[in-house]
Amino acid sequence: MKGAGTVGAIIRWARRRSPWVLHFNSGGCNGCDIEIVDTLTPRFDVERLGILKESSPRHADILLCTGPVTRQSRARLRRIYEQIPAPKWVVAVGGCSCSGGIFRGGYNVLGGIDQVLPVDIYIPGCPSRPEAIIEGILQLLETIE
Amino acid sequence: MRDVASAVLTILVFPGFGFLFVCALAFHWIDRRVTARFQGRVGPPWFQPFADFVKLLAKEDVLPVGAHERACALLPMVSLAAVLTAALHIPVGGYVVTSFEGDLIVVLFLLSLPALAYFLAGWLSASVFSVVGGSRALLQYFAYEVPFLMALAGPAILVGSWSVSRISGAQSGGLWTLLVQPIGFVLAFIGLIGKLKRSPFDIPKAKSEIGAGPLTEFSGRKLALWHLSLQVKTVVGIFLLVDVFLGGSGGGISLSGVTLFGVKCLLVLLALSVTGVLYARLRIDQLATMGWRVLAPLALVQLLVVVLVGG
Amino acid sequence: MNVELLLQALREVLSAPSLDAEYLPIDETCIAVPAECLRRAVDVLVGRFRVTHLSTITAEDTGLEIVLLYHFWDRRGLTLRTSLPRDGPHIASLARIIPGAIFYEQEVAEMLGVVFDGHPVAASLLLPDDWEGPPPLRRPTGDDV
Amino acid sequence: MSRITIPIGPQHPALKEPLSFLLTVEGERIVESALRIGYVHRGLERLFQDRSYVQNVHIAERVCGICSHIHTTAYCQGVEALLGLEVPRRALYVRTLLCELERIHSHLLWLGVLAEHIGFTTVFMYAWRDREIVLDIMEDLSGGRVAHAVNAIGGVRIDIENDHIPAIHARLDELERQMEMFLGVIQHERTFQARTRGVGCLTQEQVQRYCVVGPVARASGVAMDIRRDQPYAVYDELSFRVITADEGDVWARTMVRALEIVESMGMCRQLLDKLPEGPLASRAPRRVPAGLVISRCEAPRGELLYVIRSDGSDRPARVKIRTPTLPTLATLKDQLRGVHTADVPTILAGVDLCIACADR
Amino acid sequence: MSRRSSLAHLLPELVRTLFARRATVRFPSEPPVLAEAYRGRGVVHAELCVGCGLCVRDCPAFALELEREGRHRFRLVHFEDRCAYCGQCVDSCRQDAIALVSEFPRASPCRTAFTRVLVTHEASEE
Ligand code: SF4
Ligand code: SF4
Ligand code: SF4
Ligand code: SF4
Ligand code: SF4
Ligand code: SF4
Ligand code: SF4
Ligand code: SF4
């Protein structure tokens, strides 16, 4: 599905307007997680941007990760990523999923998401504000081929 | 030659597949938008269902190891084909592709095929969630199907015909079946919610309980077809309800008839959305109890009344 | 909870006349009991004084010994303090008397390597299944460094 | 009937956080459940030992993103006790105000999560929409929606301007109206009751055996509340009721939490009305004298415990955190036995699991 | 427990919601509403910063680094991807040189974008 011709343009258009996300917390404090859920609720309502939170990895396009990767969740994170059908993107939400953040150096913390998965966009903040999360996802969508 | 062309046109464009496709997406959008508004949100833009559909078509299509590949590819198509075929017998604002005595039975049969396909999809896609979802779908099917059938049998018996077009046409005098058989309408409405697996009867696909139910393992094209078949089914179900209980287009083939029909459809859709917004999801055993202890007896009473009084 | 009565009862049951209480900030009393008497002391607390709420068990490796603090609560705090040797520490489990202690003991066991005799569960609670190395809250000993 | 094993988690829509369950079911009934936590274990107790008292305030804030403020309260209160530091009264008022606002936000969030789990999306949306009222108050006060960074050792870092107070009252008025609506739904909506009544029952005896705390304990008739029983901050200057119920099921827990929101709003108003003048913080030295302290607070989910031991340096020798979720987790095995699989999310939501805090 | 009419207890609220002021902020077509006190991006008033490193010492996330070259030359570097936006550095700074402004840090596909040099102190006044 290369971006050739009208079909390509339509597909690209559809992908940008229908990002379904799957959320996985690999060790965060819930701060970012509740801000993600917050984007779904009336104040921010990302459904108006076509974003839906899905419950099965098979239905998702974007993996929204929060929290640093802990030893125990590493394998799960990988597996969930592998279950998402291509094309797929990974978003690291919050300081600790970008770099390990305040938890860097903990004996059970491996660091940011990029220790395990290729990350397409990093959204800093602790927690990231809902606006920042929305902006980050939109920024990612801009770059879709 | 012209006949063939017009037949092809009716099947493919109006009131056939093309029209259904557009309706399905439009109804789906309206439903989501209305729900969102009631929940204090904005909701998706009008092109959303289309974007979702195209995106899914262009996505990788994977199945877990152990899933029955052929069946999994076939089932969404069976489901879609069944509802599309069912639509051919249901008059839309008076227009109908084919109509014959007994087509109501065919329609009802075709409309329950997707439930079966859905159940099989759950069983064959090798995931615990989909298996649980599948078995719930089957249980749910038994709970709503009987009252639904009986509720629809009422008008048929009253009119003395098992053709949707005739039942629809018989109300052109102005006396809607709704007014004669209000209980029947309510039952059919509830049955339809169950058939469409909409909130509060979205038990087989309860996100917080079993992921996405039978569809948990489906992706890409197959998922797109599943979604589409469910959306078309919604449209067909609403058409059916309007034709049987709400007087259809009010008789005759005219622009005003089509408009009237459309308005009625939107009202039913609105009612569906509001019902979905108002209640918590029931548990499968609660639904089964409700189906057998409340809905089925009510349907029976309604039917008896129709047979004794009207028949 | 009357600390004086409690102390008396403990002195009697444990036949330790020198048992005494130490007062800590924020309304807390601490009583040091020998490790082998702990179970009986708890029996007295739970059985006779109806102090059933065990808030948690704190364990610390001070470098010299392992200190265990059993924090009870009944409108004010009561801590039973006991210590174990750093080599092969073990103590009777309270799981029978206070089922709520199961998770607390499990945690102490994996974080400091204390063995609770008679504990019903062997699996780890917080640490990953493939955890290697010494229990994370143990201080490094001279030759480990 | 055949047995199947359903793995729930660590990624599962019923869980906003990772924990995993293995449910063995017969038909739709659960016969056995096995629980695994630790996916969010970040080794915080070790991190506390390795950083200074000042840095630790912010780690405490990130034990959990929902009740962040209560963690720093318990931590700072402990360190202040070790230091023998007198905290200005105005600071304690501000601290307490944030505690209660946070309780409202946490309970509303929870109500939303519960509603979502029983498929009551509208209530979920409404609860989270109205939660924004509290978030707005907190953001205006502290600059943070979730992490407030209000507490410091010795006092607080924010002030409440007097001309801001009427605006807060107005927002609380709005929330009060919404709470009436929620209470109406909880008490009267049939489908809501059908899904929550008689689900996840815990008897008073079970609650005591497992040392359960907070709203879960109170919903089973155990009237335990640190705010009343061992008042900290300025709770001894406030009047409030400790809400209890007898049923011990999810519905009772909903009721307890909903009424606690109402109580908390009353407390916020009292705090705003009585707010004394004065400084906001006392200067705290970096080194803390040797000693041991056990600091208890009533977090939204119940008794929160910080045990801090100092060896006289500028970093603690040991910090132990016992969060309210841990004892509640222990009851899940009992609660889940024999229930319908569809009730699992309800039960999990009912006890208000907080894994980030349980795992630390 | 009174069993008032069993149907639709949410209906009044539904209607109210329909006609209430909309709850949704339309970000990004509308600008974000941030509180004045919001702790966002870090900025340093270069002329005030003396390179004392108090902020670095107290930062819980090790998000600040002071690179010294000789006595009077230093660079204060901020790692936005590690920062917890807690404001401790602001509290610790005795010169009031550092601040967190009301603007959230921007997302980026590349982590190097988060490493920001806040101050480069090259020459001395002496
Ligand atoms: S970035 Fe901060 S708020 Fe977000 S999960 Fe990590 S610690 Fe929590
Ligand atoms: S349960 Fe714990 S981690 Fe989860 S939201 Fe509550 S405090 Fe945070
Ligand atoms: S109980 Fe949970 S939400 Fe509350 S403070 Fe603890 S971790 Fe946070
Ligand atoms: S030397 Fe550079 S950084 Fe320092 S005050 Fe002068 S201009 Fe600013
Ligand atoms: S805001 Fe906090 S984490 Fe960020 S640089 Fe300042 S002290 Fe460090
Ligand atoms: S910002 Fe302040 S604390 Fe940090 S180095 Fe500069 S003067 Fe020192
Ligand atoms: S510097 Fe390179 S490796 Fe690092 S985040 Fe940016 S692109 Fe990735
Ligand atoms: S020039 Fe030297 S003495 Fe002057 S402010 Fe800079 S570091 Fe301090």
Side-chain angles (χ1 to χ4, degrees), chain A residues 22-45 47 53-57 60 63 65-77 79-81 83 94-96 100-110 125-131, chain D residues 9-20 36-48 50-51 55 58-59 61-68 71 105-106 109 112-113 116 121 124-133 135-136 139 144-147 149 354-357 359-360:
Chain A
L22 181 78
H23 166 218
F24 184 68
N25 173 350
S26 59
C29 79
N30 280 343
C32 291
D33 311 58
I34 57 175
E35 291 293 48
I36 286 177
V37 179
D38 215 282
T39 59
L40 307 172
T41 55
R43 173 65 72 90
F44 295 101
D45 183 38
E47 200 186 349
K53 187 165 169 278
E54 280 300 318
S55 48
S56 163
L63 180 59
C65 297
T66 54
V69 185
T70 61
R71 283 175 204 282
Q72 178 80 352
S73 61
R74 169 180 41 187
R76 294 299 185 134
L77 183 59
R79 204 157 95 212
I80 286 169
Y81 177 73
Q83 283 178 347
C96 60
I102 202 164
F103 308 122
R104 259 172 355 123
Y107 57 79
N108 206 30
V109 172
L110 297 169
C126 185
S128 301
R129 267 191 82 89
E131 286 102 334
Chain D
Q11 188 278 327
H12 186 264
L15 313 161
K16 56 189 185 329
E17 314 166 82
L19 81 168
S20 72
R36 176 77 172 100
I37 57 174
Y39 292 96
V40 206
H41 179 57
R42 292 148 285 167
L44 287 184
E45 290 180 5
R46 244 279 278 287
L47 283 187
F48 270 94
D50 297 341
R51 296 189 194 178
Q55 290 172 315
H58 305 289
I59 298 184
E61 184 126 46
R62 282 159 185 83
V63 171
C64 166
I66 296 177
C67 335
S68 54
H71 279 270
H105 126 79
S106 171
L109 175 146
V113 172
E116 164 79 342
T121 324
F124 162 60
M125 291 294 175
Y126 286 170
W128 280 60
R129 176 191 66 190
D130 297 335
R131 188 182 75 106
E132 295 284 344
I133 300 173
L135 289 191
D136 283 343
E139 190 185 352
R145 290 159 51 87
V146 170
C354 226
I355 302 307
C357 55
D359 282 1
R360 281 150 292 152

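Please read all numbers here as calculations on a predicted model, not as lab measurements. Below, chains carry the letters A, B, ... as their sequence lines are ordered, and counting in each starts from 1.
- Using a 4.5 Å cut-off between heavy atoms, D/E45 does not touch chain A at all.
- Contact of D/L47 with chain A is made through the side chain alone, with heavy-atom distances under 4.5 Å.
- Between D/H41 and A/F103, the gap from one ring centroid to the other reaches at least 6.0 Å.
- With salt bridges taken as basic N to acidic carboxylate O contacts below 4.0 Å, none links D/R131 and D/D136.
- If you measure heavy-atom distances from A/C96 to chain D, you find no contacts under 4.5 Å at all.
- Between the side chains of A/N108 and A/T70, not a single donor N or O lies within less than 3.5 Å of an accepting N or O.
- Put simply, of A/C32, A/G101, A/C126, the one with the most heavy-atom pairs under 4.5 Å next to chain D is A/C126.
- Neither the backbone nor the side chain of A/D45 comes within contact range of chain D; no heavy atom of the residue lies under 4.5 Å from a heavy atom of that chain.
- Salt bridge annotation for A/E35-A/R129: absent, with no cationic side-chain nitrogen under 4.0 angstrom from a carboxylate oxygen.
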Decide yes or no on side-chain contact (heavy atoms from CB on, under 4.5 Å) for D/H58 and A/I102, but give the supporting numbers first.
CA-CA 9 Å; D/H58 305 289; A/I102 202 164; 4.2 Å; yes

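- Using a 4.5 Å cut-off between heavy atoms, A/I36 makes no contact with chain D at all.
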